[in-house]
Amino acid sequence: MFRLDGRQNVPIYEQVVRRVKELTLRGVLKPGDKLPTVRELSAMIVANPNTVSKAYQELERSGVIETRPGKGTFVAERIRVEPDERIKADLRERLWPVVVDAVYFGVRLKEFEAWVREAFNELGGESGEPKA
Amino acid sequence: MNQKLEVTHLTKRIDGVPILSGVSFAAEPGTITGIVGRNGTGKTTLLRTMVGIYTPDGGEVRYGGRNVHADPKARGHFVFVPDARELLSDYTPERFARLFALLYPRFDAEKFWARLRQFELPPNQKVRTYSEGMKGLFYIALAVSTRAEVLLLDEPTEGLDPIFKKQSLRLIVEEVAEQRPIVLICSHRLEELEQIADRILFLKDGTVDSIVDLQSMQERYTKWQVAFQSEDGEAVLAELSSVRILARSGRVYTLLADDRAPADLLDRLRKGGAVLIEPLPLKLEDLFVEKLGGDVHVF
């Protein structure tokens, strides 16, 4: 479940953050589910424990998981809030280089939109419910 | 408990030949530092000097502020796993356990035996009779069971099959998560260090070339494959600061750019006639070549 892809050009830290977010969106991890400890996860994926710990801190900051003292780390109840303008602006900025490359390599807008729609559907982005 | 390790201006000559010529660095508890360098740059000598097998000619090694060469008690916090797996190999694990319990007051016998059972290492056989992979795993299991606060590992996974290798790395990572020792690993297995280390110390000509934090490596450096339409790619690239050509094959270049490279790098490449620009995954190996390769053409 937490298997990481060593060939990806993505730091382990980001892979952990993304993977946990994705697993919660897909409903594989549900609110209240217990996550492996930092020690367990770093041993499981054979990764530096400080890296894993940093990823957990980031996930906690963004409200994906919560630490209950003495009990462990759990998937947080998902609170749906309207994303604020700052987050939206940040997302748009991160999308920019991908669009630049898409345009550069001649990807059609229709096809690009279809990719986005596909990903949204897969993650339950519009309905708010993960695809069963 | 766990304290800071400081190495300052460490020098060592062997048979009159300077091997270490002023090595300085520090390490914090709970961190893994990978030490890399070309063959013969003094990696093994550094570990051997730190642990007291060699007496330094100059400089010092301090653990928790105490000089480990003057204070055997401070050195007692160190455990060293040499690359040759022959230390007391006439011993059975049983005898190792008895000896190490004397040498290391915090030796965790229970964990030691649990690990041997887990990895199915025969407890009554001399370690000499083990396979290379079993030996490798055994010495690491022994080292982490000492509960030493500084672990010095020389090529710990060399010659191990993928399963022994993974088990060994897992032991190291688990120990760091649980007991927060300082771990120094000399290795040529860059992809393993990439996975488990916090940072990489590049050793060159017996001194520290640089120390790179692995978490920021991907932010600081980018790698590209660029193909130019015409032959004047070289001239375009020569104008770009902090962009280094890792390899060239005709009009196709492999480039490494660091964070001082211009922000509009890709635009400038396109304007310069680049018809193909592709990001490539950055590997520690690229930095190794960049920092330690000199002018040798490796590709």
Side-chain angles (χ1 to χ4, degrees), chain A residues 1-20 34-62 65 67 70 72-73 90 93-107, chain B residues 28-34 157 162-163 165-181 183 185 191-200 213-224 263-267 269-270 274-284 286:
Chain A
M1 182 157 70
F2 286 99
R3 189 166 285 273
L4 301 180
D5 185 353
R7 289 160 307 168
Q8 272 185 324
N9 188 22
V10 178
I12 292 170
Y13 156 76
E14 264 186 61
Q15 289 191 47
V16 172
V17 169
R18 261 189 226 170
R19 191 87 180 115
V20 172
K34 192 172 188 299
L35 286 166
T37 63
V38 168
R39 188 193 72 81
E40 287 164 349
L41 184 54
S42 49
M44 210 185 289
I45 62 177
V46 191
N48 180 284
N50 298 312
T51 306
V52 173
S53 160
K54 195 181 155 209
Y56 272 24
Q57 282 166 28
E58 166 62 24
L59 284 164
E60 185 151 25
R61 245 197 316 277
S62 43
I65 61 173
T67 303
T73 308
D90 177 54
E93 198 174 314
R94 280 156 59 190
L95 186 60
W96 188 250
V98 180
V99 175
V100 168
D101 279 349
V103 174
Y104 185 78
F105 292 116
V107 176
Chain B
E28 298 287 341
T31 60
I32 301 175
T33 303
T157 59
I163 294 167
K165 190 184 82 179
K166 197 162 202 169
Q167 288 169 328
S168 305
L169 294 175
R170 188 168 279 151
L171 273 181
I172 297 167
V173 163
E174 261 178 341
E175 180 69 7
V176 170
E178 272 174 24
Q179 303 289 330
R180 313 215 42 84
V183 180
I185 305 177
E191 70 294 342
E192 285 171 24
L193 293 179
E194 217 157 4
Q195 224 180 322
I196 68 160
D198 290 272
R199 55 195 197 136
I200 302 297
D213 182 309
L214 279 178
Q215 277 191 16
S216 62
M217 181 180 84
Q218 303 281 347
E219 291 155 28
R220 282 194 56 198
Y221 297 89
T222 50
K223 188 181 172 189
W224 304 90
D264 59 346
L265 175 66
L266 298 192
D267 275 349
L269 289 171
R270 273 173 206 136
V275 283
L276 173 79
I277 303 175
E278 268 178 357
L280 293 176
L282 176 75
K283 293 284 164 202
L284 184 52
D286 300 317

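Letters A, B, ... are given to chains in the order of the sequence lines, protein chains preceding strands, and every chain is numbered from 1. Here the structure is a predicted model, which means the values were calculated and not measured.
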Which residue, B/Gln167, B/Glu192, B/Lys166, forms the side chain to side chain contact (heavy atoms under 4.5 Å, CB included) with A/Val46? B/Lys166
Is it true that the side chains of A/Asn48 and B/Arg199 contain a donor and an acceptor less than 3.5 Å apart? no
Counting distance only, does the side-chain N/O of A/Arg39 pair as donor-acceptor with the main-chain N or O of B/Glu174 below 3.5 Å? no
For B/Gly30, does its backbone N or O pair with a side-chain atom of A/Asn50 as donor and acceptor, under 3.5 Å? yes
Is chain B contacted by the side chain of A/Val52, its backbone, both, or neither, given a heavy-atom distance below 4.5 Å? neither
Between B/Gln195 and A/Ile45, what is the shortest heavy-atom contact and its length? NE2-O, 3.6 Å
What one should report as the nearest heavy-atom pair of A/Ala43 and B/Val173 is N-CG1, 4.1 Å
Part of B/Gln215 within contact of chain A (heavy atom distance under 4.5 Å): side chain
Heavy-atom cut-off 4.5 Å, strictly under: side chain, backbone, both or neither for B/Val183 against chain A? neither
Output the distance between atom CD1 (B/Ile196) and atom OG1 (A/Thr51), rounded to the nearest 0.5 Å. 10.5 Å
Roughly how far apart are A/Tyr104 OH and B/Ile277 CD1, rounded to 0.5 Å? 5.0 Å
Chi angles and distances behind the side chain to side chain contact (heavy atoms under 4.5 Å, CB included) call for A/Asp101, B/Glu278: CA-CA 9 Å; A/Asp101 279 349; B/Glu278 268 178 357; over 6 Å; no
What pairs of residues pass the salt bridge (charged side-chain N to carboxylate O under 4.0 Å, His left out) test when at least one of them lies in residues 44-60 of chain A, not counting sequence neighbours? A/Glu58-A/Arg61
Count the heavy atoms of every other residue, nucleotide or ligand shown that sit under 6.0 Å from CD1 of B/Ile163, and state whether that count exceeds 12. no
